[in-house]
> 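One structure, pasted below without further comment.
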Amino acid sequence: MSVIDHVRSPKPTAFVLAGGGSFGAIQVGMMHSLAKHGIVADLVVGSSVGAINGAYYAGDPTLRGVLGLEAIWRGLRRHDVFPVTWRTMLGFLWRRDFLIPHDGIRKLIDDHLPYRNLEDAKLPVHIVTTDIISGDSVVISEGSVADAVVASTAIPGAFSPVPYQDRYLADGAISSNTPVRVAVSKGAKRLIVLPTGHACSTTDPPVGAVANALHALTLLIARQLVEELEELDPEIEYFVVPPLCPLVGSPYDFSRTDDHIERAVKSADAWLAQDGLAQQGRIPHEARPHGH
């Protein structure tokens with residue numbers, strides 16, 4: 001059975017995008033391959049860095065749109081997303097309960113996204129955040145896309161929680177990093193999950209507070225993904241695009257973006273050529289927690 005047979009599914013299909021810091025570049029390569037093969041979503045659910053990628057994709061769900069997102073990623077440097085300076089360090093030590101301002105993420109959204117409110121995207125897009133007090137998932141589907149994405153990417157300790165209505169919101173990874181249940185609750189009957197993976201070929205521990213926090217979140221992602229998928233109703237179809245393995249580096253390191261994108265395109269191409277979209281309910285080894 002060829003890939004083209006699966007392009008149009010009668011079941012509402014969601015792209016489900018997980019978190020993972022700079023490993024979000026891997027999702028961009030996956031989306032490039034899917035778009036190139038004519039595979040599109042009916043709705044998008046994103047958490048953490050997956051919220052950034054998902055919001056951009058929902059604004060232009062075409063290969064052209066994905067190539068535009070690719071160009072943005074290829075130009076990113078760590079400082080664009082995590083602007084840590086001596087001034088922010090001193091602020092953290094003396095005045096504030098967070099290390100990094102939200103300015104970098106907000107500027108990325110304001111500069112590159114062609115719409116301002118989530119309901120104006122071309123596809124329904126749902127951004128997953130966490131109520132920092134209760135720990136519950138809070139899904140934002142309308143209103144300011146910048147506010148929603150900033151909240152979904154607010155790693156506790158590194159970024160301050162974001163006030164939203166009567167709540168304080170933080171990184172969606174805490175409560176639902178690969179938010180498959182959210183996608184189902186929003187009407188999806190078929191899920192295409194785009195995980196970022198985690199570093200699995202290094203014995204060197206991450207260096208620095210933010211790097212350690214991101215590494216821990218990527219490990220949490222892998223475990224949550226397996227648990228959520230295995231508990232799904234059997235009537236829900238799901239397909240997991242295999243993440244990269246071996247994966248070198250840190251989700252705090254943006255110097256490997258080009259390599260991550262190019263490898264992910266080739267890997268997803270190979271998965272599709274091997275009828276990956278005919279293998280319903282299979283969780284690839286690369287997406288499961290594993291050692292070096």
> Could you state whether I72 and L63 fall into the same hydrophobic cluster, counting links through intermediate Ile, Leu, Val, Met, Phe, Trp or Tyr residues with side-chain heavy atoms under 4.5 angstrom apart?
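No; L63 is not reachable from I72 via cluster members.
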
> Atom OG of S48 and atom CG of L17: how far apart are they, to the nearest 0.5 Å?
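Between S48 OG and L17 CG, I get 11.5 Å after rounding to 0.5 Å.
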
> Is the side chain of D131 donor-acceptor paired with the backbone N or O of S134 at a distance under 3.5 Å, no angle test?
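Yes, because the side chain of D131 sits within donor-acceptor range (under 3.5 Å) of the backbone of S134.
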
> Does the side chain of L191 come within less than 4.5 Å of V184's, by heavy atoms?
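Result yes, sub-4.5 Å side-chain heavy-atom pair found.
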
> Is there a side-chain contact between W73 and I261 (heavy atoms, below 4.5 Å)?
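W73 vs I261: side chains touch.
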
> Give a yes or no answer on whether the side chain of T130 reaches the backbone of S137 with a donor-acceptor pair at less than 3.5 Å.
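Between the backbone of S137 and the side chain of T130 there is no qualifying donor-acceptor contact (under 3.5 Å).
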
> Identify the two heavy atoms, one from P61 and one from V40, that lie closest to each other, and give their separation to 0.1 Å.
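In this case the closest contact between P61 and V40 is O-CG1, 4.2 Å.
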
> Could you grab the distance from atom CD1 of I283 to atom CD of E230, nearest 0.5 Å is fine?
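CD of E230 is found 4.5 Å from CD1 of I283.
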
> For the residue pair T257 and A25, what are the closest heavy atoms and their distance?
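The pair with the smallest heavy-atom distance is CG2-CB, 3.9 Å.
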
> Would you check if the side chain of T153 reaches a backbone N or O of V149 as a donor-acceptor pair within less than 3.5 Å?
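Yes.
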
> In chain order, what residues pass the salt bridge (charged side-chain N to carboxylate O under 4.0 Å, His left out) check against D233, with sequence neighbours excluded?
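Salt bridge (charged side-chain N to carboxylate O under 4.0 Å, His left out) list for D233, sorted by chain: empty.
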
> Check ring pair (Phe, Tyr, Trp, His ring centres under 6.0 Å) between H260 and all other residues, then give those that pass, not counting sequence neighbours.
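In terms of ring pair (Phe, Tyr, Trp, His ring centres under 6.0 Å), with neighbours along the sequence ignored, H260 is linked to F23.
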
> Has E228 got a side-chain atom pairing as donor or acceptor with V180's backbone, closer than 3.5 angstrom?
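Yes; judged by distance alone, with no hydrogens or angles, the pair exists.
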
> For Y56, give me all partners under ring pair (Phe, Tyr, Trp, His ring centres under 6.0 Å), at least two apart in sequence or on another chain.
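For Y56, no residue satisfies ring pair (Phe, Tyr, Trp, His ring centres under 6.0 Å) once neighbours in sequence are set aside.
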
> Side chains of M31 and N53: closer than 4.5 Å at any heavy-atom pair?
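They are in side-chain contact.
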
> Consider only side-chain heavy atoms of I, L, V, M, F, W and Y, link residues closer than 4.5 Å, and tell whether L123 and L118 are in one cluster.
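Yes, because L123 and L118 connect within a single hydrophobic cluster, where side-chain heavy atoms sit under 4.5 Å apart.
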
> For D253, is there any backbone N or O sitting under 3.5 Å from a side-chain donor or acceptor partner on S22?
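Checking the backbone N and O of D253 against the side chain of S22, a donor-acceptor pair under 3.5 Å is found.
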
> Of all residues at least two apart in sequence or in a different chain, which pass the salt bridge (charged side-chain N to carboxylate O under 4.0 Å, His left out) check with D258?
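Checked D258 against salt bridge (charged side-chain N to carboxylate O under 4.0 Å, His left out); matches are R74.
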
> Contact between R190 and Q280 at the side-chain level, heavy atoms closer than 4.5 Å - yes or no?
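Result no, sub-4.5 Å side-chain heavy-atom pair not found.
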
> So which atom in V66 and which in A35 form the shortest heavy-atom distance, rounded to 0.1 Å?
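Smallest heavy-atom distance, with atoms named: CG2-CB, 4.3 Å.
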
> Measuring from Q279:CD to W271:CH2, what's the distance to the nearest 0.5 Å?
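Answer for the CD-CH2 pair, Q279 versus W271, is 8.0 Å.
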
> Heavy-atom count check: over 12 atoms from other residues, nucleotides or ligands less than 6.0 Å from Y164 OH?
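Count over threshold, so yes.
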
> At what distance, to the nearest 0.5 angstrom, does CZ of R256 lie from CG of D259?
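Rounded to the nearest 0.5 Å, the CZ-CG separation comes out at 7.5 Å.
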
> Quick test of your reading of the model: are R116 and D120 salt-bridged, counting only N-O distances below 4.0 Å?
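No, R116 and D120 are not salt-bridged.
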
> Are V265 and L76 linked, directly or through intermediate hydrophobic residues, by side-chain heavy-atom contacts shorter than 4.5 Å (ILVMFWY only)?
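Yes, same cluster.
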
> Is the shortest side-chain heavy-atom distance between D60 and R64 below 4.5 Å?
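Contact flag for D60/R64 side chains = yes.
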
> List the steps and the verdict of side-chain contact (heavy atoms from CB on, under 4.5 Å) for V125 and L43.
CA-CA 6 Å; V125 55; L43 66 148; over 6 Å; no

> Could you tell me whether a side-chain N or O of T129 sits under 3.5 Å from a main-chain N or O of V138, the two making a donor and an acceptor?
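Between the backbone of V138 and the side chain of T129 there is a qualifying donor-acceptor contact (under 3.5 Å).
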
> Any idea which heavy atoms bring A264 and I26 closest together, and the distance?
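So the minimum-distance heavy-atom pair works out to CB-O, 3.3 Å.
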
> Between K36 and D269, does at least one N-O distance fall below 4.0 Å, as a salt bridge requires?
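Looking at D269 together with K36, the answer is yes, because their closest N to O distance falls below 4.0 Å.
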
> What heavy-atom pair brings P195 and Q27 nearest, and what distance separates the two atoms?
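Nearest pair, atom of P195 first, then Q27: O-CG, 4.3 Å.
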
> For the residue pair V150 and I109, establish whether any side-chain heavy-atom pair is separated by less than 4.5 Å.
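Not in contact.
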
> Do side-chain atoms of S144 reach the backbone of D147 as a donor and acceptor pair under 3.5 angstrom?
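Checked: pair present.
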
> Any chance you could measure I39, atom CD1, to S33, atom OG, to the nearest 0.5 Å?
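Answer for the CD1-OG pair, I39 versus S33, is 7.0 Å.
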
> Could you grab the distance from atom CD1 of I192 to atom CG of L277, nearest 0.5 Å is fine?
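If we round to the nearest 0.5 Å, I192:CD1 and L277:CG are 5.0 Å apart.
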
> Could you list the donor-acceptor pairs under 3.5 angstrom formed by side chains in residues 235-248, with sequence neighbours left out?
unit_1: E237; atom_1: OE2; unit_2: K11; atom_2: NZ; d: 3.2
unit_1: Y238; atom_1: OH; unit_2: G281; atom_2: O; d: 3.2

> Are K186 and S141 close enough that some pair of their side-chain heavy atoms sits under 4.5 Å apart?
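They are in side-chain contact.
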
> Might you point out which heavy atoms bring A183 and V16 nearest each other, and give the distance in Å?
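Nearest pair, atom of A183 first, then V16: CB-CG2, 3.8 Å.
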
> Tell me every residue that passes salt bridge (charged side-chain N to carboxylate O under 4.0 Å, His left out) with D42, counting only those two or more places apart in sequence or in another chain.
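Counting only residues at least two positions away or on another chain, D42 forms no salt bridge (charged side-chain N to carboxylate O under 4.0 Å, His left out).
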
